[in-house]
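See structure below.
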2 protein chains.
Amino acid sequence: MPTVSRRSAATARWHTAAQVLAVMRQHPGISRAAMAQRIGLTRGLATEVTARLRAAHLLTEEPAPLSGRGRPTTVLRPHPEGPVVLAVHLRHEEWHCAVAALDGTLGTVDIHRHDTGSPDGRSPAAVLDAIRRTVEQTYERYGHRLRAVSLAAPAAIHSGHLAQASTLGWGPVDTSVLTAGLGVPLLVGNDATLAGVAEARTGAAVTAGTALHLIVEVGVGGTLTVDGHPVTGGHGAAGEYGHLPFGDRTLACPCGARGCWDLEVDGRALARHLGEPEPGDPRRHALAVLGRTDDSAREAVAAVAASLGAGVAALVNAHDPDIVTLGGLAIPLRRAAAFGVAYRDGLMSLHRADPATIVDAVHGDDGPLQGAVVLGLDHATSEPAIADWADRHRSR
Amino acid sequence: MPTVSRRSAATARWHTAAQVLAVMRQHPGISRAAMAQRIGLTRGLATEVTARLRAAHLLTEEPAPLSGRGRPTTVLRPHPEGPVVLAVHLRHEEWHCAVAALDGTLGTVDIHRHDTGSPDGRSPAAVLDAIRRTVEQTYERYGHRLRAVSLAAPAAIHSGHLAQASTLGWGPVDTSVLTAGLGVPLLVGNDATLAGVAEARTGAAVTAGTALHLIVEVGVGGTLTVDGHPVTGGHGAAGEYGHLPFGDRTLACPCGARGCWDLEVDGRALARHLGEPEPGDPRRHALAVLGRTDDSAREAVAAVAASLGAGVAALVNAHDPDIVTLGGLAIPLRRAAAFGVAYRDGLMSLHRADPATIVDAVHGDDGPLQGAVVLGLDHATSEPAIADWADRHRSR
DNA sequence: CGTCTTATGCTCGGGATCCGAGCATAACTG
DNA sequence: CAGTTATGCTCGGATCCCGAGCATAAGACG
């Protein structure tokens with residue numbers, strides 16, 4: 001049901017201002033003149049809006065480097081006292097975090113290893129405690145300037161919380177402790193989903209309206225994005241493409257279903273094809289097999305690449321993306337000839353004349369962190385959030 | 001990439017007015033007071049906006065039936081000289097059409113059978129000619145009041161045209177002839193997609209944010225809708241869920257791929273399970289088998305229902321819809337016990353605690369027509385379209 | 001070196017939307 | 001018939017947007 005939500009004048013008045021900030025994010029370092037032309041602002045309105053944004057400590061203007069004739073213009077930059085977001089990327093052995101300004105530029109990325117010394121150093125409580133301390137330090141430093149904390153997690157997401165993080169061995173985890181009591185919103189997303197968002201906004205799919213991102217590490221995850229926004233489903237749990245039954249129905253998946261694609265495209269699948277036992281670290285095993293040149297390894301890679309290609313084709317049939325971005329082990333797997341064959345064979349003839357292009361993702365391991373930044377800034381630059389910021393700022 | 005499109009003041013000024021029309025569509029016969037409360041308008045603004053809409057011949061107000069205390073309010077109705085859209089639903093043996101007013105109320109639904117007397121009476125040229133004549137008659141009657149023509153077709157859609165309509169035996173067909181030269185936009189959608197839109201807007205999924213609609217006739221089609229809008233993909237070809245390879249990889253599908261789900265859930269599948277040759281009319285055959293009570297028929301139905309349930313579960317895993325609406329043969333197939341078992345077994349354990357509810361679609365055969373109405377009215381009540389209408393109307 | 005061209009920023013008046021407050025109106029209640 | 005209640009209408013003020021005109025600062029050119 002399309003919600004008819006009132007955008008009251010109090011927030012609507014920041015509509016154009018929010019557009020300006022969005023352009024500043026899309027093109028960091030853009031000049032005021034170029035911004036105005038891109039949005040279609042008259043020069044008078046550009047003057048007014050930028051003045052308003054400056055007064056609200058949302059941006060600053062500095063003289064732009066001269067280029068050609070005409071009166072010099074200015075470059076739009078985030079205000080040094082402006083809003084920031086804290087992005088966190090939770091991984092298997094460590095977690096990364098960084099503070100981002102309104103144009104998406106990151107501060108230093110801090111890397112914290114989980115405390116593997118203690119027996120429960122990787123327990124939810126221990127990890128969340130550590131992250132909470134960083135959140136508190138960030139809040140102490142930035143105060144109300146901290147407008148959102150966003151978390152990318154290697155977990156199935158359900159209604160804003162972690163439902164299951166199998167690589168960490170976590171069951172359901174409530175993440176609200178991270179910002180509880182601070183009055184700062186917490187945004188949570190699946191790491192593969194957020195990597196897809198990063199590709200759609202600042203990566204290999206920026207020109208696409210509808211983009212499909214798939215990443216293979218242990219199993220396969222990803223997301224469909226439309227105009228840079230992920231299709232997240234009713235509880236935010238969408239994108240579990242690895243649990244489509246493209247595979248062998250006799251194989252049970254840890255997720256509870258059978259025949260999952262997950263089991264066909266990673267190191268576990270390679271080991272099966274090679275007649276080896278299930279590897280302890282499927283990702284490391286996959287890299288090893290990909291580096292081998294013997295026939296049995298090549299055949300195993302070909303089989304797995306074919307499964308990947310066929311699955312990608314199936315998702316192109318179902319979703320008709322403009323582009324497919326691949327990450328993780330999917331990048332080397334795509335190099336195998338079997339991938340392309342299976343991709344083309346799996347397409348409906350309808351798509352064969354002009355199949356969706358497949359490209360490598362440009363964000364590597366930092367895709368989820370970049371996506372978390374996007375998530376946080378989407379919130380921080382929304383019209384209500386800007387209106388709220390401006391109100392607070394004026395009253396001080 | 002999120003497009004930063006300028007909503008210039010000239011169209012933005014109709015933002016609130018468009019909201020009023022949207023509420024009038026969602027709740028035909030709503031009172032002005034209820035509308036104002038729902039959108040959050042002050043009484044003064046409600047007066048202004050409705051006056052503007054009346055002046056633009058977009059709606060009329062009549063005294064509302066009295067209920068309780070207080071000053072009587074008015075009921076909002078489409079203006080008798082207001083915009084209309086023509087919706088067309090193309091089917092195998094016939095095509096339906098109807099004119100709809102701004103609140104979605106239909107005029108009479110005309111049913112035209114294809115001319116099966118002549119050898120090429122069902123050719124694209126003959127059918128499009130017949131529809132074109134109706135479009136012209138509608139245009140003669142309504143003139144510029146006709147704001148859009150929308151077509152629901154049993155075809156794969158690609159970039160606004162029909163790529164392949166296998167039930168009609170059509171290859172690629174250019175539909176632009178339907179409105180060429182009239183200056184009326186033509187909107188084209190897949191019939192299953194539009195049936196899903198109808199369910200999401202006025203049917204069984206009105207309360208859901210993310211809804212999955214699936215319909216089984218010959219093969220399976222459907223769509224994912226988010227807030228009532230279909231996820232259409234880059235070329236409008238999304239929703240071909242029938243061509244996900246959930247089935248037997250040794251079976252070739254007419255679509256060009258192998259192992260398509262399409263082949264597992266309809267009359268063709270029932271015939272295969274019964275050891276019969278492929279039926280000429282799979283839909284009729286399916287109904288016949290569903291009506292049988294012998295063991296072999298029951299087993300065939302169970303096998304097909306299980307395939308349907310497993311596929312639905314897979315799509316719930318991938319898309320996390322709030323609700324799944326089923327249409328066509330999926331409704332009786334769901335009654336088989338095997339469906340529910342396969343559905344639950346196919347879900348990730350994450351979803352088992354609170355699986356997406358599955359319901360029957362409430363629009364039957366007229367779902368696609370209703371969806372075409374939605375498509376047309378979405379266009380006709382968009383802010384630019386209303387601004388354009390108001391401009392034309394003022395200048396007369 | 002002065003003038004022209006070009007691109008951009010700034011100012012100001014007018015039109016439009018939205019809001020809030022106050023008043024007017026038309027039903028029901030007792 | 002007076003009081004209550006819900007709603008419509010009017011009006012002034014705040015804000016945004018637009019367009020036109022003017023101001024400004026650079027390069028281009030003789």
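The sequence lines fix the lettering, A, B, ..., with proteins before strands; numbering per chain opens at 1. Everything numeric here is computed off the predicted structure, so don't read it as measured data.
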Do the side-chain N or O atoms of [X] get closer than 4.0 angstrom to the phosphate oxygens (OP1, OP2) of [N]?
X: B:Thr73; N: D:dG8; answer: yes
X: A:Arg13; N: C:dC18; answer: no
X: B:Thr42; N: C:dC18; answer: no
X: A:Thr16; N: D:dC17; answer: yes

What is the distance from [atom1] of [X] to [atom2] of [N], rounded to the nearest Å?
X: A:Glu62; N: C:dG9; atom1: CD; atom2: P; value: 14 Å
X: B:Gln37; N: D:dG8; atom1: CD; atom2: P; value: 12 Å
X: B:Trp14; N: D:dC17; atom1: CH2; atom2: P; value: 18 Å
X: A:His15; N: D:dT15; atom1: NE2; atom2: C1'; value: 15 Å
X: A:Glu48; N: C:dT11; atom1: CD; atom2: C1'; value: 10 Å
X: A:Leu45; N: D:dT15; atom1: CG; atom2: P; value: 15 Å
X: A:Arg32; N: C:dA7; atom1: CZ; atom2: P; value: 17 Å
X: B:Gln19; N: C:dT17; atom1: CD; atom2: P; value: 14 Å

Test salt bridge (Lys or Arg N to Asp or Glu O under 4.0 Å) applied to A:Asp322 - qualifying residues, sequence neighbours left out: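 A:Asp322 satisfies salt bridge (Lys or Arg N to Asp or Glu O under 4.0 Å) with no residue once adjacent residues are dropped.
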
Sequence-distant partners of [X], side-chain hydrogen bond (donor to acceptor under 3.5 Å, both in side chains), two or more places apart:
X: A:Ser176; answer: A:Asp174
X: A:Asp103; answer: A:Thr105
X: B:Glu61; answer: B:Arg32, B:Arg54, B:Thr74

Side chain to side chain, B:Val359 and B:Ile323, heavy atoms closer than 4.5 Å: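 Yes. Closest side-chain heavy atoms under 4.5 Å.
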
Ring pair (Phe, Tyr, Trp, His ring centres under 6.0 Å) against A:His235, all qualifying residues, sequence neighbours excluded: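 Scan of A:His235 (ring pair (Phe, Tyr, Trp, His ring centres under 6.0 Å), adjacent residues dropped) gives A:His158.
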
Could you go through nucleotides 20-26 of chain D and list every protein N or O atom that sits under 3.5 Å from one of its N or O atoms, giving the distance for each pair?
from: D:dT24; atom 1: O4'; to: A:Arg71; atom 2: NH1; distance (Å): 3.3

Salt-bridge contact B:Asp227-B:Arg201 (side-chain N to carboxylate O under 4.0 Å): no

Upstream residue (5' side of DNA chain D) when B:Glu61 and A:Ser67 are each assigned their closest nucleotide: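 First, find each residue's nearest nucleotide; the 5'-ward one identifies B:Glu61.
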
